Visitor: 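Please find one structure pasted underneath; my questions will follow.
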2 protein chains.
Amino acid sequence: MKDKTGLSERRKKILNALVDSYITDAEPISSAAIKDKYMPDVSTATIRSELATLEEMGYLNQPHISAGRVPSSKAYKFYVDNILSSEAQFDEQEIKSVLATKYASIKEIVKDSAKIVSDVTNYTSMLMISSTDNITVNDVKVIDMYDGTALVLIVTNNGSIKDKTIKLPESNIANYIEVANGLLYRTFAGKRLVEIVHSHNVIDAQLKDFEQLFEQVLNMIIDYKNARESQIQIEGKDKIFNYPEYNDVNNVKNFMSIVNDQDKLHEIVKDKDGSIEFSIKIGTEDDEQLSDMAVVSAKYKFSGEEVGQLGVIGPQRMDYKKVLSVLKEIGNLFDNN
Amino acid sequence: MKDKTGLSERRKKILNALVDSYITDAEPISSAAIKDKYMPDVSTATIRSELATLEEMGYLNQPHISAGRVPSSKAYKFYVDNILSSEAQFDEQEIKSVLATKYASIKEIVKDSAKIVSDVTNYTSMLMISSTDNITVNDVKVIDMYDGTALVLIVTNNGSIKDKTIKLPESNIANYIEVANGLLYRTFAGKRLVEIVHSHNVIDAQLKDFEQLFEQVLNMIIDYKNARESQIQIEGKDKIFNYPEYNDVNNVKNFMSIVNDQDKLHEIVKDKDGSIEFSIKIGTEDDEQLSDMAVVSAKYKFSGEEVGQLGVIGPQRMDYKKVLSVLKEIGNLFDNN
DNA sequence: TTTTAGCACTCGCATAGGTTGAGTGCTAAA
DNA sequence: TTTAGCACTCAACCTATGCGAGTGCTAAAA
């Protein structure tokens, strides 16, 4: 009985057993260990010959000839596909109760989601804000403060507000502020950030007295967009020290350099296919930097709108079941908010 | 010729030479090495006997009997005192020119100061905002936005503004907002944050209709104070991988745990004596966590007002001369702004 | 054809012994 | 007080050796 992977049921069982075991113990698994824990009714010799085949097929590696087998990237990929296609395995109830006992309100969970994911999964987590394509400016207001300074407020459709004090230009126009507010509203309100940023000539037609003000507002919008786009929050960097693969300083170094490299992270999590909910990248040998690393992330929505991605970075030997269930559960909390 | 350290000039010279050498090479120094590089006119035997005395006095350690000597915490302390008391050694001109060529404007330097310090010194850096004791509230304003929501602005004397949208309570008071603004101004303007936070009963005497609003404003002030107090920005965590003492994962782990522990950092840098400009903490053996670590930090002022501390965290074997000059130079830039 | 027992083989790991060389402490003379 | 000289120590490195875990292969059993 085979499917598209070309693996017999027994080989699948062995492969899953092996990955499972490696995820918990981080040690090469011998044929005897598999027999004892998972398949007591066949001999080690049988398992050995299966292992040899699986190795030939690229699912397993052998650190050296007299060691047990270790899963390859390909094996991890098989393993997570397997989890994903059998949703029943998610232990939702348990995760839910952990979240419920540790965190009082949903509000708290939303605010600290990255931290919580890191805490509950015991891996380093990552919160990434989506592109700003869907953000629009609702209103722009200039508020008079005191002797020549004013406050500019920009209200966007996702509720956040950017403020900044500016110096008002000298002007003898009556009701300068009121007029400015009207102009600003007509120019910016209802527009998407991208539109605004890409249409520099918007201002030219206006009166000269407002040129400087418009310039400042435009810069604020650009700054806001840039800041939002590059925001990645990382939590629990220390967590990796819990895993023996990071007893080697070089691995730690490598890990830190990835985690601190915003561009790299963006590139990894970037989704080409808009429809997938979970993104699981398991590094291959090609990418030196990502070898032996895995990144699991999920899009999350808020009031139906997609706002970002939340995920976990760690060794390939990762507890995918747990990570996936946590991400899923948190995603649900967000969405039902 | 001795001073309060009780060290002869020759011993001082040897001690300085030894620390200097260890700072660059990170290797135990032998009597022969000192002779060659610093004191060719005495024999190694002489130096050896001096080394033995210095070790007895607690300035030096010997990893094992047939190795050279390594500076102790006490030696580092002696070394930095020495630097501090002879300002001439600062290589200000060089630092200045590095800063000038790498960073275009002073504005840029101020904004990214932590990053710059880390870049130029090649150590992990730390930017810490001072206590909020001197911050006062200049003004509080409620601004009507749209259907029942309003924006609260709190302006402080250091220019920053905290804003938040709130829901206005149902009320049939005419000119609710105007009245509220008056009340808020009279209650909060000119007061120091500490005062406000510690006098919860301020509101009770007021009209009931404003109770909720006052509550919200008070919470904003409390949040602001807390947020400001706990802000520590760390830059260049990876830098430590450049130093051989961090080839041991345990040291890395230890380092990371300190760097991520805001409370610990506060405690380390906290100044008891308000008059010192530089704070140099060289960990002793007592504090397990801080052994073999040093933290150098400087207060920095902005327009004459002290606003925070900027510093560097690294191994005790730190290039104190360089670090101190960089911090000093940046401090000057701030102050002359 | 598949499974199994048996056995020789490989190789990492741990331990022990041997050598080398850097650097010391001590002593006795300058 | 300084110096030369020398014996001594010890980490670092290498080699040898045994052990044991785990394999691959083969030939017989199912």
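As the structure is a computational prediction, the values presented were derived from the model and not from experiment. Letters go in sequence order (proteins before strands), and every chain restarts at 1. Computation of the quantities below employed the complete heavy-atom set of this structure, encompassing side-chain atoms and omitting hydrogens, waters and symmetry-equivalent molecules.
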Visitor: Expressed as a whole number of angstroms, how long is the span from A:Lys35:NZ to D:dG22:C1'?
Guide: 16 Å
Visitor: B:Met128 and side-chain contact (heavy atoms from CB on, under 4.5 Å): which partner among B:Leu310, B:Ile234, B:Val269?
Guide: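 The residue from B:Leu310, B:Ile234, B:Val269 that satisfies side-chain contact (heavy atoms from CB on, under 4.5 Å) with B:Met128 turns out to be B:Val269.
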Visitor: For A:Glu27 and C:dC13, what is the distance between atoms CD and C1' respectively, to the nearest whole Å?
Guide: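 After rounding, the gap between these two atoms is 13 Å.
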Visitor: Rounding to a whole Å, what distance do you find between B:His64:NE2 and D:dA11:C1'?
Guide: 5 Å
Visitor: Tabulate atom names and distances for all N/O pairs under 3.5 angstrom spanning the protein and nucleotides 23-29 of chain C.
Guide:
| unit_1 | atom_1 | unit_2 | atom_2 | d |
| --- | --- | --- | --- | --- |
| C:dG23 | O4' | B:Ser66 | O | 3.3 |
| C:dT24 | OP1 | B:Ser31 | N | 3.1 |
| C:dT24 | OP2 | B:Ser31 | N | 3.4 |
| C:dT24 | OP2 | B:Ser31 | OG | 2.7 |
| C:dG25 | OP1 | B:Arg69 | NH2 | 2.8 |
| C:dG25 | N7 | B:Arg48 | NE | 3.0 |
| C:dG25 | O6 | B:Arg48 | NH2 | 3.1 |

Visitor: For C:dG21, give its Watson-Crick or G-U wobble partner with both distances under 3.5 Å, or none.
Guide: D:dC10
Visitor: Measure from CD1 on A:Ile34 to P on D:dA21 and round the result to the nearest Å.
Guide: 17 Å
Visitor: Could you tell me whether B:Arg317 and B:Asp292 make a salt bridge, using a distance below 4.0 angstrom between a side-chain N and a carboxylate O?
Guide: no
Visitor: Give the rounded distance in Å between these two atoms: CD1 of B:Ile47 and P of D:dT2.
Guide: 11 Å
Visitor: Applying side-chain contact (heavy atoms from CB on, under 4.5 Å) between B:Met318 and each of B:Leu324, B:Val296, B:Ile23, report the one that passes.
Guide: B:Val296
Visitor: Working note: B:Lys264 + B:Asp287, criterion salt bridge (Lys or Arg N to Asp or Glu O under 4.0 Å); need CA distance, chi angles, decisive distance, verdict.
Guide: CA-CA 12 Å; B:Lys264 184 80 184 178; B:Asp287 189 334; 3.1 Å; yes
Visitor: Using both distances under 3.5 Å as the test, list the Watson-Crick or G-U wobble partner of C:dA28, or none.
Guide: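 The answer is D:dT3, by the H-bond criterion.
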Visitor: Could you list the donor-acceptor pairs under 3.5 angstrom formed between side-chain atoms of residues 63-72 of chain A and any protein atom two or more places apart in sequence or on another chain?
Guide:
| unit_1 | atom_1 | unit_2 | atom_2 | d |
| --- | --- | --- | --- | --- |
| A:His64 | ND1 | A:Ser66 | N | 3.4 |
| A:His64 | ND1 | A:Ser66 | OG | 3.4 |
| A:Arg69 | NE | A:Glu55 | OE1 | 2.8 |
| A:Arg69 | NH2 | A:Glu55 | OE1 | 3.1 |
| A:Ser72 | OG | A:Gly58 | O | 2.8 |
| A:Ser72 | OG | A:Tyr59 | O | 3.1 |
| A:Ser72 | OG | A:Lys74 | N | 3.2 |
| A:Ser72 | OG | A:Ala75 | N | 3.4 |

Visitor: Taking OP1 and OP2 of C:dT3, is either one under 4.0 Å from a side-chain nitrogen or oxygen of A:Arg10?
Guide: yes
Visitor: Strictly by Watson-Crick or wobble contacts shorter than 3.5 Å, is anything paired with C:dT2, and which nucleotide is it?
Guide: D:dA29
Visitor: Count the heavy atoms of every other residue, nucleotide or ligand shown that sit under 6.0 Å from CD of A:Gln289, and state whether that count exceeds 12.
Guide: yes
Visitor: Report yes if a side-chain nitrogen or oxygen of B:Ser43 is closer than 4.0 Å to either non-bridging phosphate oxygen (OP1 or OP2) of D:dT2; otherwise report no.
Guide: no
Visitor: Determine whether B:Asp25 and B:Lys37 satisfy the following criterion, salt bridge (Lys or Arg N to Asp or Glu O under 4.0 Å), listing intermediate values before the conclusion.
Guide: CA-CA 13 Å; B:Asp25 298 342; B:Lys37 277 198 267 179; 3.7 Å; yes
Visitor: Between C1' on D:dT1 and CG on B:Asp41, what's the gap in Å once rounded to a whole number?
Guide: 15 Å
